[in-house]
J.: 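Encoded as structure tokens, here's the structure I'll be asking about.
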Amino acid sequence: MKQWQGDFDQHSLYQLEHWFPPSEVLLFDIETTGFSPKNTMLYLIGYCFYQNGGWKYQMLFNDDGRSEYQILDTFLHTISSYRILIHYNGDGFDLPYLIEKCSQYERLGLPLSGRERLTSMESVDLYKIIRPYRKGLNLPDLKLTSVEASMHLKRTDPFSGGELIRVYRDYLQHPRTVSEEQLRLHNYEDIAAMIPMLQLLHFQVLSMQHYKITNIEQTQQNIRLLLHLECPLPLPYNHVTPVLEFQADQEQAVAVIPVLQGEMKHFLADWKNYYYLPVEDRVIHKSVAAYVDPAHREKATRQNCFLKKEGRFLPCPKGLPCPDIHLFQREYKDALQFADLASIKTDWPGFWMEYLKYGII
């Protein structure tokens with residue numbers, strides 16, 4: 001096994017302390033010769049941590065093709081000093097791969113120190129954090145290289161992880177300094193990029209509502225909510241849904257909610273207690289239907305048992321709790337529901353905080 005270690009030339013925490021104690025965090029990335037741990041090899045683990053006012057890194061390299069157990073055991077011993085593992089798509093690949101490798105060695109009678117620690121640590125996947133926002137990020141995909149490029153993180157490494165598999169196999173046959181440096185550089189840049197990528201944690205300000213509504217503006221056409229975010233977003237976010245358009249950049253955001261003018265229908269849940277009057281296009285309760293000519297009435301259905309209302313309406317996000325507000329629709333089968341604007345305290349930030357909770361993503 002060969003080891004490399006050193007200091008990064010960047011010291012910023014990128015407000016990591018807003019989410020976790022920096023001393024408890026370890027960032028990591030692995031390199032393997034394939035996807036399946038059953039028939040491939042772990043050949044490099046890189047990780048970094050914050051200590052004494054700066055970021056430090058360590059890399060464990062399987063330089064002879066026989067050091068997999070050693071680098072795995074060394075890594076597991078290292079993480080015993082930390083509580084949180086941060087990675088990019090590690091829940092989908094890195095962690096399952098390492099856990100299966102541990103199981104393989106244990107079945108061979110080679111127990112690994114700290115394997116339980118690996119499965120019990122808090123796992124923070126930056127990929128999972130931004131995945132709910134992918135539609136508003138204006139990215140071709142959420143691959144690591146795409147996210148790095150959007151954050152203007154430049155790489156000098158020309159290889160993909162897949163391309164380096166051949167480089168590593170050639171290196172085992174004919175060890176060369178140039179090949180070793182290519183393998184080292186790729187992982188080094190992966191873990192170096194993860195430090196500024198900690199800013200992706202800040203997208204949690206949207207899901208966890210770490211923001212304040214600073215102003216509420218109303219016009220005939222819409223309602224505009226101005227927001228201040230507790231942490232700046234590293235990427236512009238612009239998401240349009242049927243209920244609002246949400247734009248965020250750095251620490252500022254605005255939500256524009258359309259207001260619709262016209263006629264809506266409130267469909268009654270107890271439709272079996274009503275009769276429908278086709279000529280008048282309205283319903284009456286069965287208690288008074290006896291006074292209407294049977295030829296001019298029919299039993300109501302779910303589709304025609306409604307009350308009409310003319311007014312100004314607000315589209316409601318799915319799941320928004322409105323226990324004291326009648327909800328309206330254009331037609332029975334429409335999924336989008338509306339609230340009568342007159343029944344809402346539009347100057348109350350508490351309502352809009354609840355609205356945004358269901359409407360931003």
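Bear in mind that the values here come from a model prediction, so they are computed numbers and not experimental data.
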J.: To the nearest 0.5 angstrom, please state how far the CD atom of Glu310 sits from the CG atom of Asp340.
T.: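 Answer for the CD-CG pair, Glu310 versus Asp340, is 11.0 Å.
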J.: Assess the pair Phe28 and Phe75: is the distance between their ring centroids shorter than 6.0 Å?
T.: yes
J.: Under 3.5 Å, is there a donor on one side chain and an acceptor on the other for Asn215 and Glu217?
T.: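 Result is yes, a qualifying pair exists.
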J.: Hey, can you pull the donor-acceptor pairs under 3.5 Å for the side chains in residues 34-43, sequence neighbours left out?
T.:
residue : atom : partner : partner atom : Å
Ser36   : OG   : Lys38   : N            : 3.3
Thr40   : OG1  : Ser36   : O            : 2.5
Thr40   : OG1  : Tyr97   : OH           : 2.8

J.: Over all heavy atoms of both residues, which pair between Leu233 and His202 is shortest? Give the atoms and the distance, please.
T.: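 Here Leu233 and His202 meet closest at CD2-O, 3.4 Å.
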J.: Can you name the nearest heavy-atom pair linking Val240 to Glu245, along with the distance?
T.: CG2-CG, 3.7 Å
J.: Looking only at side chains, do Asp94 and His87 share a donor and an acceptor under 3.5 Å apart?
T.: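 Distance-only check fails for Asp94 and His87.
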J.: For the atom pair CD1 (Ile86) and CG (Asp29), what is the distance rounded to the nearest 0.5 Å?
T.: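 With rounding to 0.5 Å, CD1 (Ile86) is 13.5 Å from CG (Asp29).
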J.: Holding to ring pair (Phe, Tyr, Trp, His ring centres under 6.0 Å), I want the full list of residues that pass it with Tyr14, two or more places apart in sequence or in another chain.
T.: none
J.: Does the salt bridge (charged side-chain N to carboxylate O under 4.0 Å, His left out) test come out yes or no for Glu122 and Arg83, once each step is laid out?
T.: CA-CA 6 Å; Glu122 182 175 352; Arg83 185 177 64 86; 3.2 Å; yes
J.: Inspect the surroundings of NE2 in His266 and state if more than 12 heavy atoms from other residues, nucleotides or ligands are less than 6.0 Å away.
T.: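 Yes, NE2 of His266 has more than 12 neighbouring heavy atoms, counting only those of other groups under 6.0 Å.
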J.: Does this structure show an ion pair linking Asp190 with Arg155, if we count only N-O contacts that are shorter than 4.0 Å?
T.: yes
J.: Going by atom types only, do Thr346 and Gln218 share a side-chain donor-acceptor pair under 3.5 Å?
T.: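 Looking only at side-chain atoms, Gln218 and Thr346 do form a donor-acceptor pair, the distance falling under 3.5 Å.
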J.: Without hydrogens or angle criteria, can the side chains of Ser67 and Asp64 be said to hold a donor-acceptor pair below 3.5 Å?
T.: yes
J.: Could you give the distance from CZ (Phe351) to CD1 (Ile325), rounded to the nearest 0.5 Å?
T.: 5.5 Å
J.: Compare every heavy atom of Gln70 with every heavy atom of Thr74, then report the nearest pair and how far apart it is.
T.: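 For Thr74 and Gln70, the tightest heavy-atom pair comes out as OG1-O, 2.8 Å.
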J.: Atom CD of Gln252 and atom NE2 of His228: how far apart are they, to the nearest 0.5 Å?
T.: 6.0 Å
